[in-house]
Amino acid sequence: MFGIRSVTFFLARLILGYIFIMHGWQKLHTNGIDATKRAFDSMGIPAPNLAAQYATWVEFVGGILLILGLFLPIVAILLIADMIGAIAYAHWDAGFWAADGGYELPLALIGGLLAVGFAQAGSAAADHYVFRRRRRGAVVD
């Protein structure tokens, strides 16, 4: 049985995961990797091809892993790095407000990632079962 905390963390992961999946999908299929690379290059992002690949796949696969609740701290760190890059290269000069192209949304996403990535995910997350089995099987000195 899932408690209210597990359900709320799942809903938060579901919302964040959906946002990241959609942004990764946009880079992969809607715009395409080549257009994403060109856009990154025009923003002055170093190694635009590598950055476009990283952003695309970490957002798409990371979003899926968020929803599943698998490897949450690692996924959160990778996505936070992605959002820091987005703030630094794509949004900072526009100021805070998202309506002006500012860093409001990536900053909010970082806040959500910190919350779901480093809290006890609860029984609605795969991490709960994967790492519980490892703890049971561990030898204690």
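These figures come from a predicted structure and were not determined experimentally.
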- Item | Side-chain donor/acceptor of D127 to backbone N/O of L72, under 3.5 Å | yes
- Nearest heavy atoms of A55 and D82, plus distance in Å: CB-OD1, 3.4 Å
- Going by the salt bridge (Lys or Arg N to Asp or Glu O under 4.0 Å) test, which pairs reach into residues 21-41, not counting sequence neighbours? K27-E59
- Message: Nearest 0.5 angstrom please: I77 CD1 to L114 CG, how far?
- Response: 9.5 Å
- How would you list all residue pairs meeting salt bridge (Lys or Arg N to Asp or Glu O under 4.0 Å) that involve residues 4-19, not counting sequence neighbours? none
- Message: Tell me whether F96 at atom CZ has more than 12 heavy atoms from other residues, nucleotides or ligands lying less than 6.0 Å away.
- Response: yes
- Query: Can you check whether I110 reaches I87 side chain to side chain, under 4.5 Å on heavy atoms?
  - Reply: yes
- Would a 4.5 Å heavy-atom cut-off, applied to side chains only, mark L16 and L79 as touching? no
- Do you know the tightest heavy-atom contact between A51 and P46? CB-O, 4.0 Å
- Task: Look only at the side chain of Y129 and the backbone of S123, and say whether a donor-acceptor pair between them is shorter than 3.5 Å.
- Result: yes
- Item | Minimum heavy-atom distance T36-A52, with the two atoms named | CG2-CB, 3.8 Å
- Message: Rounded to the nearest 0.5 Å, what separates atom CG in L105 from atom NE2 in H91?
- Response: 7.0 Å
- Query: Atom CD1 of I84 and atom CH2 of W92: how far apart are they, to the nearest 0.5 Å?
  - Reply: 11.5 Å
- Query: To the nearest 0.5 Å, how far apart are CG in L66 and CG in L113?
  - Reply: 6.0 Å
- Counting distance only, does the side-chain N/O of Y54 pair as donor-acceptor with the main-chain N or O of L78 below 3.5 Å? yes
- Can you label the angle between the F60 ring and the W25 ring as parallel, tilted or perpendicular, going by 30° and 60°? tilted
- Message: If you compare all heavy atoms of A115 against all heavy atoms of F9, which two are closest, and at what distance to 0.1 Å?
- Response: O-CE2, 3.7 Å
- Query: Is there a chain of hydrophobic side chains (I, L, V, M, F, W, Y, each step under 4.5 Å between heavy atoms) that links M43 to L107?
  - Reply: no
- Same cluster or not: are I80 and Y89 linked, directly or through other Ile, Leu, Val, Met, Phe, Trp or Tyr residues, by side-chain heavy atoms under 4.5 angstrom apart? no
- Note on the structure: Note: S6 and G122 closest approach over all heavy atoms is OG-CA, 3.3 Å
- Note on the structure: Correct closest heavy-atom pair for A76 and G117 would be CB-CA, 3.8 Å
- Message: Rounded at 0.5 Å granularity, tell me how far CZ in F40 sits from CD1 in I33.
- Response: 8.5 Å
- Message: Count I, L, V, M, F, W, Y as connected when their side-chain heavy atoms are under 4.5 Å apart, and connections chain through other members. Are W57 and M22 then in the same cluster?
- Response: no
- Item | Straight-line distance of I15 CD1 to F10 CZ, nearest 0.5 Å | 10.0 Å
- Heavy atoms from other residues, nucleotides or ligands near CG of D100 exceed 12 (cutoff 6.0 Å): yes
- So do V58 and F20 actually touch side chain to side chain, heavy atoms under 4.5 Å? no
- Message: Membership question, hydrophobic clusters at under 4.5 Å side-chain separation (ILVMFWY): are L28 and L50 in the same one?
- Response: no
- Query: Are V116 and Y18 grouped together when hydrophobic residues (ILVMFWY) are joined by side-chain heavy atoms under 4.5 angstrom apart?
  - Reply: no
